[in-house]
2 protein chains.
Amino acid sequence: MSTSEPHDRYHHGDLRRALVEAALELLLEGGTEALGMRELARRGGVSAAAPYRHFRDKQALIQAVAAAGFALFLEAIDKAKADVPAEEQFGAMAEAYVQFALRYPRLYRLMFSSELGKFEDKELRRAADAAYESLAVAAARQDPEAPGEAAISAWAFVHGLSMLLLDEQLLGVSAANAEPLIRKLTRRQARRFGNPRSA
Amino acid sequence: MSTSEPHDRYHHGDLRRALVEAALELLLEGGTEALGMRELARRGGVSAAAPYRHFRDKQALIQAVAAAGFALFLEAIDKAKADVPAEEQFGAMAEAYVQFALRYPRLYRLMFSSELGKFEDKELRRAADAAYESLAVAAARQDPEAPGEAAISAWAFVHGLSMLLLDEQLLGVSAANAEPLIRKLTRRQARRFGNPRSA
DNA sequence: TCCCGCATGTGAGCAATGTCAACATCTGAG
DNA sequence: CTCAGATGTTGACATTGCTCACATGCGGGA
C-alpha cells in the first residue's frame with residue numbers, strides 16, 4: 001500500500017519490486033486464485049507482457065512472493081526472541097510463529113504449498129532455510145542431550161499447530177481466541193521437552 | 001485405473017464417481033495444476049460441460065476429491081491401529097499418518113490446502129472431522145490427565161512432521177530413508193507425553 | 001556531447017481454461 | 001405409453017498464461 005502510484009513514464013523504474021509488493025497485497029486480500037499475471041500488470045499500470053521481463057513465469061513470480069514471505073516471517077520470529085532470556089526463547093518464538101500464521105493465513109499457506117518448486121529456486125530456498133534455522137537453534141537448546149530430535153519435534157509441533165488453527169479444526173477455537181491456548185501449549189511443549197534436570 | 005473404459009452410450013451411467021476417480025489419478029500424477037475441468041471431461045470421454053451437471057464449479061469438484069482423500073486417509077490410520085495393543089496405538093497411527101503423507105504428497109497437500117472452503121462443504125467437513133477424531137482419541141489416551149492438550153499436541157506433531165518431510169526441509173532426510181526417523185520421533189513423542197507414572 | 005546497444009515496455013495474437021445458455025437425448029414414475 | 005426431469009452436447013464468451021515482433025529510452029563509450 002506504500003508505493004502504488006500509477007507510473008506515467010514509459011519505463012517504470014522498479015517494476016520488479018512493485019510487482020512483488022502488489023502480488024503480496026493481492027494474495028493477502030484475495031487468496032491464491034486472485035493472483036494472476038495480468039491482474040498484477042494492471043495494478044502496476046503496465047502492459048500484460050511486461051512482467052515477463054522480470055519473471056520467467058507465474059511460478060517464478062510466486063516463488064519471489066514466497067521468498068518475501070519468508071523474510072517477513074524470519075523478521076517476526078527473530079524480533080520475538082530478541083528481548084527474552086535464553087531459556088524462554090523457544091516459547092516466545094513458537095508463539096510468534098503461530099501468530100504469524102494466523103495473521104497472514106494465505107501467505108503462510110502459500111509458503112508451504114504444493115508445487116512451489118522450493119527445491120529449484122535458490123533464493124527461495126535460502127530464505128526458507130534461514131527461517132527454519134533460526135527456530136531450530138532455539139528448539140535444540142531445549143534438550144541438550146538430543147538437540148537434533150528436539151529441534152525437529154518442536155518445529156513440527158509449531159508448524160502443525162498453526163495448520164490446525166488455520167483449519168479451525170480445533171473445536172471452539174478460532175483465530176480470535178487462540179492466544180491463551182497457544183501460550184499454554186507452547187509452554188507445555190517447552191516443559192515436556194525441556195532439560196529434565198531443570199524441570 | 002480401474003474404471004476407465006470410454007463410455008459409448010449417451011448417458012454415462014455414473015459420471016460423478018468416474019470424475020472423482022479421474023481427478024484423483026490426475027492429481028496423483030500431475031499435481032494441482034494438471035487438474036482441470038476440461039481435461040477431466042476428456043478423461044471421462046464426455047463433453048466439457050457435462051461435469052457441471054454434477055459439480056457447481058471447479059472448487060466443488062476439488063472438495064469432493066479432498067473428501068475422498070480423507071476417506072482414504074481415515075482407512076489408512078484406522079487399519080494401522082487395528083492389530084495393536086491400546087498403549088501402542090498412538091505410535092502406530094502416527095507412523096501411518098506420516099507415511100500416508102509421504103505416499104500421496106500431492107493429495108495430502110490438497111487436503112490441507114488454502115481456499116478449499118472446508119468450512120462450507122458439509123461432506124468434506126465430516127470426512128475431515130472423522131479422520132481427525134480417530135487420531136485425537138488415540139492421542140488423548142496418551143495423557144489421561146490432560147487429554148485435550150495431549151490430543152492437540154500430538155496431532156500437531158504428526159501433521160507438522162509430515163509437512164517438514166514433504167518439504168525435504170530435514171537435511172539429509174528424504175521420503176526414501178525417512179522411516180527410521182519417523183519411528184524414532186513418534187516413539188519419543190509418545191514417551192514424553194505418555195503418562196508419567198507408566199514411564 | 002552525441003549515439004547506439006540493451007534492458008525494458010507495448011500490442012496483437014494463440015491456445016487453453018472455467019463457465020454458461022440453449023438445445024438434445026435418455027430414463028423412470030405414473 | 002408418455003412426458004418431466006436428469007443428464008449430456010454444442011457453441012460461445014471472457015479471461016488467462018505466454019510468445020513474438022516491434023517501440024522506447026537510459027547509460028556508457030566515442
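Chain identifiers are assigned alphabetically (A, B, ...) following the order of the sequence lines, protein sequences preceding nucleic acid strands; residue numbering begins at 1 within each chain.
- Rounding to whole angstrom units, CG of residue A:D57 and P of D:dT19 are separated by 8 Å.
- Between A:L61 atom CG and D:dG17 atom P there is a gap of 10 Å when expressed in whole angstrom units.
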Taking only N/O atoms, report every protein-nucleotides 12-15 of chain C pair under 3.5 Å with atom names and distance.
unit_1: C:dG13; atom_1: O6; unit_2: A:R38; atom_2: NH2; d: 3.3

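- Distance CG (B:D14) to P (D:dA6): 17 Å, rounded to an integer number of Å.
- Between A:H54 and the phosphate of C:dA7, there is no side-chain N or O to OP1/OP2 separation shorter than 4.0 Å.
- In this structure, A:L19 places its CG atom 12 Å from P of C:dT8, rounding to the nearest Å.
- Per the geometry, CZ belonging to B:R42 stands 12 Å off C1' belonging to C:dG18, to the nearest Å.
- Under the 4.0 Å criterion applied to side-chain N and carboxylate O atoms, B:D129 and B:R126 are not assigned as salt-bridge partners.
- The separation between B:R53 atom CZ and C:dT19 atom C1' is 12 Å, rounded to whole Å.
- Residues A:E39 and A:R56 each lie close to DNA chain D; by heavy-atom proximity, the contact nearer the 5' end of the strand is made by A:E39.
- What separates CG of A:L40 from C1' of D:dC18 is a distance of 15 Å, to the nearest Å.
- Closest non-hydrogen pair, A:L27 versus A:R106, comes out as O-CD, 3.6 Å.
- Comparing C:dG18, D:dT9, D:dG17 by their closest approach to the side chain of B:Y52 singles out C:dG18.
- B:H159 and B:Y108 share a donor-acceptor pair across their side chains, judged by distance under 3.5 Å alone.
- B:E179 has a carboxylate O that lies under 4.0 Å from a charged side-chain N of B:R183, or vice versa, which qualifies the two as a salt bridge.
- Atom NZ of A:K58 is separated from atom P of D:dC18 by 8 Å (rounded to the nearest Å).
- Salt bridge absent: A:R17 and A:E21 never bring a charged side-chain N and a carboxylate O closer than 4.0 Å.
- Using a 4.0 Å cut-off between a side-chain N of Lys or Arg and a carboxylate O of Asp or Glu, A:R43 and A:E29 qualify as a salt bridge.
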Pair up each side-chain donor or acceptor in residues 63-85 of chain B with any protein partner under 3.5 Å, not counting sequence neighbours, and list the distances.
unit_1: B:Q63; atom_1: NE2; unit_2: B:L116; atom_2: O; d: 2.8
unit_1: B:Q63; atom_1: NE2; unit_2: B:G117; atom_2: O; d: 3.3
unit_1: B:D78; atom_1: OD1; unit_2: B:S134; atom_2: OG; d: 2.7
unit_1: B:K81; atom_1: NZ; unit_2: B:S134; atom_2: OG; d: 3.4

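- Of the candidate nucleotides D:dT19, C:dG18, D:dG8, C:dG18 has the atom nearest to the side chain of B:M37.
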